[in-house]
Amino acid sequence: MKGTKMRFVALVIGVLISVSCGFSQCPIIPAPVTFVTAAGQFSFGEDIAINSDNAPSGIIDYAANRFTNTFGIRVVISPSAKQLVFKKVANVPTDYYSINVGETIIITYSSDASCFYAVNSLFQLIQGNPDQYSIAKCFLKDYPKFSWRGLHLDVSRHFFTVDEVKRYIDLMALYKFNTFHWHLTDDQGWRIEIKQYPKLTEIGAWRDSTVNAHYSTTPRTYTVEHTGGFYTQEQIKEIVQYAANRYITVIPEIEMPGHARAALAAYPELSCTGKQHGVEGLWGVFDDIFCAHESSIQFLKNVLDEVMVLFPSEYIHIGGDEAPKTRWKKCAKCQAVIRENGLKDEHELQSWFVTQMDMYLTSKGRKLIGWDEILEGGLSPNATVMSWRGFDGGVDAAKQGHDVIMSPGSHCYFDHYQSKNSTEPLAIGGFTPIEKVYEFNPIPSSLTAAEATHVLGGQANLWTEYIPDMKQLEYMVYPRALALSQVLWCVEPPSFEVFRSVLIKHQLNYLDRFKVNYSRAMCYPEMKVSRKEDGLGVVFTAADTSDQLSLIVRVDETNIAPKFPDFLIGKNILSFKRGIDSVVTYRFEVKSEYMPKPSEFKMTIHPSIGLNVEYITAPDERYNSGGNLTLVDGIIGAKPWKGNEWVGFDDQEIEFIVDLGKKTKIDRAELNFLEDIGSWIHLPNFVRISVSTNGKKWAFLPDKPIYKAQGCGKHLPFAFQIQKKARYVRFKIVTYDTIPEGMPGEGHVQWTFLDEIMLFSK
Ligand code: ACM
Ligand code: ZN
C-alpha cells in the first residue's frame with residue numbers, strides 16, 4: 001500500500017508545472033478522489049494510438065466506438081503505442097483507477113470495472129469541437145465509496161422497448177452506476193416471458209385502458225387503448241449481457257404478494273377469491289394480491305426458477321411492498337396457513353410468505369431483497385432490505401444485522417416533481433429537487449460504524465405512472481441522477497455549489513452530446529418569500545447568475561400591474577403589506593433564457609400574510625420545507641399536491657397558534673386541508689379553536705366537525721366562525737384514530753396536510 005502511494009506522488013511531480021487544485025475545475029461527475037491540474041494540454045489528432053496491455057477487449061472496443069462515434073477520432077491499437085496506455089495495478093482500494101494526462105495519457109486500473117470507469121472519466125475530460133479536441137493536463141485518482149449505486153426502472157406502468165432500456169443503461173454507465181433494478185411486474189403489466197406460464201404475457205402484459213390526468217382527480221377518465229408489451233427471454237438475456245458489458249448488474253424484481261393484478265388477470269386461481277379481473281388501468285394499491293396458499297407459493301418458485309436462469313445477479317428482488325391484508329383476512333386458505341404455522345396475524349403471514357421465497361432463493365445460492373415492508377411481522381433470516389419509506393426501515397434492518405440499500409422517497413424518488421415551476425409535466429406528487437438528492441447520505445447518524453457496514457449503498461427509483469415515454473423519462477432522471485451518482489461515489493462529495501457549477505459548466509454540454517432530454521430545473525428562476533414585520537417580501541433568483549431574467553406582474557389574473565416598473569431580478573424585494581381585508585392574487589411571469597415558456601408564480605395576498613405562527617406540534621420534516629412561514633406565505637397549497645406548499649403531520653392532534661400582533665377583531669378563519677387517500681392523507685375529524693388576548697388564558701369555541709361536503713376535500717377552504725376580539729388564535733386539529741380497513745394504509749395514523757390560514761375581520 002505504502003509503495004503504491006509513493007508511486008502516485010512521483011507521477012504527479014513528473015507532470016506538474018504550475019499546480020492548481022480543486023473540484024470546481026474538474027469536469028468529471030462523479031468527482032474523483034483527487035484532481036490536480038497542470039499547465040498545457042494533450043491535443044488529439046485524427047487518430048489515437050492505444051496500448052491496451054491486457055485491458056479487457058470489450059472496454060477497448062467501447063472506448064474505440066466512443067472515440068470514433070462521438071469525436072470522429074480513429075483508434076489504432078498497438079503494443080508499442082504511447083499516446084494512451086493502460087496499466088493494471090494492485091494493492092489499491094476496490095475499483096481504484098488513475099488517469100495521468102501529460103504528453104501522453106496513462107490509465108492505471110485495478111479491476112475490469114475500474115478500467116471501464118477510467119475510460120468514462122477520460123471521455124468527460126475531453127473538451128473542444130470537431131476542429132480540435134484536447135484535455136487539460138491533469139492527474140486524478142479515484143475509487144467509489146459505495147458498492148451499490150443503483151437506478152431503478154418501472155416498465156410495468158409504462159412499457160419501454162429493448163432499445164430504450166439499453167439507452168437507459170448506456171446513460172447509467174456514463175455516471176458509473178453499477179446496478180440496474182428492473183421492476184418487471186406490477187398491477188398494470190407483467191413484462192417478462194415465463195415459459196411455464198404463457199398467459200402471464202399473453203394476458204398479463206396488456207391492458208385495455210389507462211387512467212389519464214392525476215389518479216386523485218375525480219371523476220376519473222380513461223384512455224381506452226390496448227397497450228403493453230413484454231420482453232422475451234432472449235431479449236432479457238441480451239439486455240443483461242449489454243448491461244454486463246457496461247459493468248452494470250441487472251437485478252430483476254418480481255412483485256409479491258401485492259402489486260400482482262396483472263399476474264392474477266392471467267391466473268385468477270392464484271388470488272384469494274379466484275375472481276377474474278382485468279389488468280389494472282388505474283394507479284394505486286389494490287386489495288387482490290397473491291393468496292398465501294401452497295399453489296401460489298409453488299407458482300412463484302417456478303417463476304423464480306426461470307428468472308434465476310436469465311439473471312446471474314446475486315440478488316433477486318421480490319417486492320413485498322404495499323400488500324393490503326384485506327383478502328387474506330377473509331380467505332379460508334390463508335387463515336389455514338396462519339393456523340398451521342402458528343402465526344399471529346396476517347403480518348406474520350406476509351413474513352412467512354417472504355421467508356418461503358428467502359429459503360428458496362438461498363437454497364439456489366441467491367439472496368433475497370425486498371422493500372422495507374418485509375420488516376413487518378419479522379424479517380426473514382437472509383433478507384436484504386431496500387428502505388423506501390424513509391430511512392427507518394433500513395436503520396432497523398441494519399441494527400438487526402441485515403444488509404440494506406437506502407432508497408428513501410425523500411431523496412431518491414425521481415418520479416417526484418423537481419421544481420415548483422408551473423411548466424413541470426404532471427408527476428405523482430412529492431418534491432425532490434436536485435439539491436435534495438444531493439443531500440442524500442445513505443448512512444444515517446443513528447447507525448454505529450459497525451452497523452453502517454450493512455449499508456451497501458443507495459438507489460433512485462423511477463416509477464412510471466406519469467412517464468409515458470423516453471423523452472419524459474430522461475427529463476425526470478437527468479440531471480438528478482448526476483447528483484445521486486456523486487453522493488454514492490464520492491467519499492467526500494464537494495459542496496452543492498461546486499457540483500452545480502460543474503454541472504452547468506461542463507455536464508450539460510456532455511449530456512447534449514448524447515441528446516439527453518434533461519431538465520434545466522436547477523437553472524429555473526425561483527420565487528423566495530420571506531417574513532417582514534408587516535407582511536411578506538418576495539424576491540426572484542436564478543442559480544446561474546449569467547441568466548437574464550425578466551418579469552411581468554399581473555393582478556387577479558388580468559391586468560398588468562403598473563407597480564413594479566424597474567424591477568431588478570435577484571436584487572429588488574417586492575413588499576406586500578397585510579392589513580387589507582380582501583384577497584388579491586398576483587401572478588408573476590418570469591422569463592429566463594433556459595425556459596421554453598415563462599415560469600409562473602402565484603401569490604395570494606390576504607390579511608394574515610407573514611403573521612407569526614408557533615407550532616405546538618412539530619410538522620414532519622419532509623413536509624415542512626417553508627418552516628413556520630408556509631401557513632401564511634401567500635402560496636396556497638395546490639391540488640393535486642406537489643409536495644411543497646402543504647405542511648404535513650402524522651399526529652392525531654395537531655396544534656398551532658397564530659399571533660396577530662395586537663388585539664384584533666376576528667370574524668372568521670379559513671383553512672385548507674388536503675385529501676389524497678391513495679397517499680394516506682385524509683381530512684381531520686374536527687377542529688377546536690380557542691382565542692386569547694395574552695397567550696395564557698384561552699376562551700374555547702365549540703368544536704367544529706370537518707365535513708367533506710363543506711368544500712375542504714375540493715378546492716375550497718373550510719371556514720370557521722370566530723367573532724371575537726383577540727390577539728392569539730389557537731387551532732387544535734384532531735384526526736380519526738387510524739385509517740379505516742380497506743383503505744390504503746389501513747391501521748396507520750392518517751396524514752393531515754394543511755395550508756394557508758387566513759383570518760378575516762369582516
Ligand atoms: C414503493 O415505492 N412502493 C416501493
Ligand atoms: Zn388467500
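If you read the sequence from its start, that first residue is 1, and numbering goes on from there. Counting starts at 1 for both ligands and their atoms, following the listed order.
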How far is atom 2 (O) of ligand 1 from the closest protein heavy atom, and which atom is that?
Y413 OH, 2.6 Å
Run the numbers for me: atoms of ligand 1, each under 4.0 Å from some heavy atom of W463, listed by number.
1 (C), 2 (O), 4 (C)
Does the plane of the ring in H183 sit parallel, tilted or perpendicular to the ring in W463? Use 30° and 60° as the thresholds.
perpendicular
Side-chain (T355) to main-chain (S380) donor-acceptor, under 3.5 angstrom
no
Given the side-chain rings of H152 and F414, with only the six-membered ring counted for Trp, is the space between their centroids under 6.0 Å?
no
Whether the Q400 and E451 side chains hold a donor-acceptor pair (N or O, under 3.5 Å, no angle test) is what I'd like checked.
no
Evaluate the ring planes of Y267 and Y197, with Trp represented by its six-membered ring, and classify them as parallel (under 30°), tilted (30 to 60°) or perpendicular (over 60°).
perpendicular
Do you know which of F180, Y315, F177 makes ring pair (Phe, Tyr, Trp, His ring centres under 6.0 Å) with W148?
Y315
Using the ring pair (Phe, Tyr, Trp, His ring centres under 6.0 Å) definition, which of the options F311, W371, Y168 pairs with H181?
W371
Is the shortest side-chain N to carboxylate O distance from E376 to R389 below 4.0 Å?
yes
Ligand 1 to E322, heavy atom cutoff 4.0 Å, flagged ligand atoms 3 (N)
Would one find an N or O of H259, backbone or side chain, under 3.5 Å from an N or O of ligand 1?
no
Do any nitrogen or oxygen atoms of D321 come within less than 3.5 Å of a nitrogen or oxygen of ligand 1?
yes
Take the Zn ion (ligand 2) and tell me which protein N, O or S atoms are nearer than 2.8 Å.
C272 SG, C291 SG, C331 SG, C334 SG
